[in-house]
Each structure stands twice: as structure tokens, then as C-alpha cells.
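Take a look at the structure below.
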Amino acid sequence: MTDKIVDTQRQTSLLINPMETVKFKTNIKCGGCIATVTPFLNEAVGEGNWQVDVQDPNKILTADTTSATATQIKQAIEKAGYKAEPLN
């Protein structure tokens with residue numbers, strides 16, 4: 001019963017705040033960089049809601065969010081010591 005209530009609340013939250021995907025060109029280039037930025041991005045957008053394509057020459061970070069703004073995500077990346085330029 002509790003799981004159903006939580007799931008219903010999540011669905012309601014998603015309807016009120018639809019998922020937005022934001023992308024950034026970054027200088028996050030390796031697994032060590034990802035490990036460094038992980039706690040900052042997990043706090044900003046939630047675990048499992050972001051990824052970095054380190055194979056792409058532009059090192060594209062993609063984040064799915066229902067609450068964090070592009071500015072907040074950029075600030076989280078910069079707080080971790082990396083650069084981020086919004087792409088969308």
C-alpha cells in the first residue's frame with residue numbers, strides 16, 4: 001500500500017513538474033572526473049538522472065530533472081571544479 005502511495009505521489013509530481021532534459025558541454029573527461037562530480041550532481045538532480053558521454057569530443061553531460069534549473073546544474077558542476085556550457 002505504501003509503495004502505491006509513493007508511486008502515485010511521484011506520478012503527480014511528474015505531472016506538476018514535467019521532466020526536462022538539459023545538456024552541457026563540459027571538461028569532464030574520465031572516470032576520475034565523474035567520481036569527483038558525482039556527489040554534486042546527485043545532490044542537484046538525483047542519482048541516476050545524469051550521465052556524461054566522455055567519448056564525445058565535447059564531453060556532453062545530459063541531466064534529466066523535474067526541479068533543478070540549468071543554472072543550478074551548472075553551478076553544481078562548477079562547484080565540483082569543472083566547466084559547463086549549456087547546449088539547450
Side-chain angles (χ1 to χ4, degrees):
M1 180 76 171
T2 303
D3 291 339
K4 191 171 187 174
I5 293 169
V6 170
D7 188 46
T8 302
Q9 289 171 340
R10 177 175 159 73
Q11 288 174 358
T12 301
S13 174
L14 291 175
L15 291 174
I16 295 169
N17 300 315
M19 186 73 68
E20 178 183 5
T21 299
V22 291
K23 294 186 178 195
F24 298 88
K25 176 181 175 181
T26 72
N27 63 338
I28 298 169
K29 58 187 176 218
C30 67
C33 298
I34 291 172
T36 300
V37 79
T38 292
F40 297 92
L41 286 171
N42 284 353
E43 182 178 335
V45 296
E47 186 174 346
N49 292 325
W50 62 274
Q51 64 182 23
V52 180
D53 183 355
V54 294
Q55 301 302 314
D56 185 294
N58 290 316
K59 312 304 182 205
I60 303 299
L61 180 139
T62 304
D64 296 320
T65 180
T66 57
S67 59
T69 66
T71 300
Q72 290 169 323
I73 297 168
K74 181 178 186 215
Q75 288 171 342
I77 296 165
E78 291 174 346
K79 190 174 179 182
Y82 296 92
K83 296 179 184 177
E85 288 180 38
L87 294 178
N88 52 340

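Because the structure is predicted, anything quoted here is derived from the model rather than measured.
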Quiz item: If you measure from NZ on Lys29 to NZ on Lys59, what distance do you get to the nearest 0.5 Å?
Solution: 9.0 Å
Quiz item: Does the side chain of Ile77 reach to within under 4.5 Å of the side chain of Lys79, using non-hydrogen atoms?
Solution: no
Quiz item: Atom CG in Leu61, atom CG in Asp53: separation rounded to 0.5 Å?
Solution: 10.0 Å
Using distance only, find each side-chain donor-acceptor pair of residues 35-47 under 3.5 Å and give its atom names and separation, not counting sequence neighbours.
| residue | atom | partner | partner atom | Å |
| --- | --- | --- | --- | --- |
| Thr36 | OG1 | Gly32 | O | 3.0 |
| Thr38 | OG1 | Ile34 | O | 2.6 |
| Asn42 | OD1 | Trp50 | NE1 | 2.8 |

Quiz item: Can you tell me how far the NZ atom of Lys74 sits from the OG1 atom of Thr26, to the nearest 0.5 Å?
Solution: 12.5 Å
Self-check item: By side chain to side chain donor-acceptor pair (under 3.5 Å) - contacts of Asn58 (at least two apart)
Solution: none
Quiz item: So, does Asn27 use its side chain to make a donor-acceptor pair with the main chain of Lys83 at under 3.5 Å?
Solution: yes
Practice problem: State which residue, out of Val54, Leu87, Ile28, Val52, fulfils the side-chain contact (heavy atoms from CB on, under 4.5 Å) condition with Ile60. | Solution: Leu87
Quiz prompt | Nearest heavy-atom neighbours spanning Gln72 and Thr69 | solution = OE1-N, 2.7 Å
Exercise. Working to the nearest 0.5 Å, report the span between CD of Gln51 and CG of Asp64.
Key: 8.0 Å
Practice problem: Identify the heavy atoms of Ala84 and Phe24 that sit nearest to each other, and give their distance. | Solution: CB-CD2, 3.9 Å
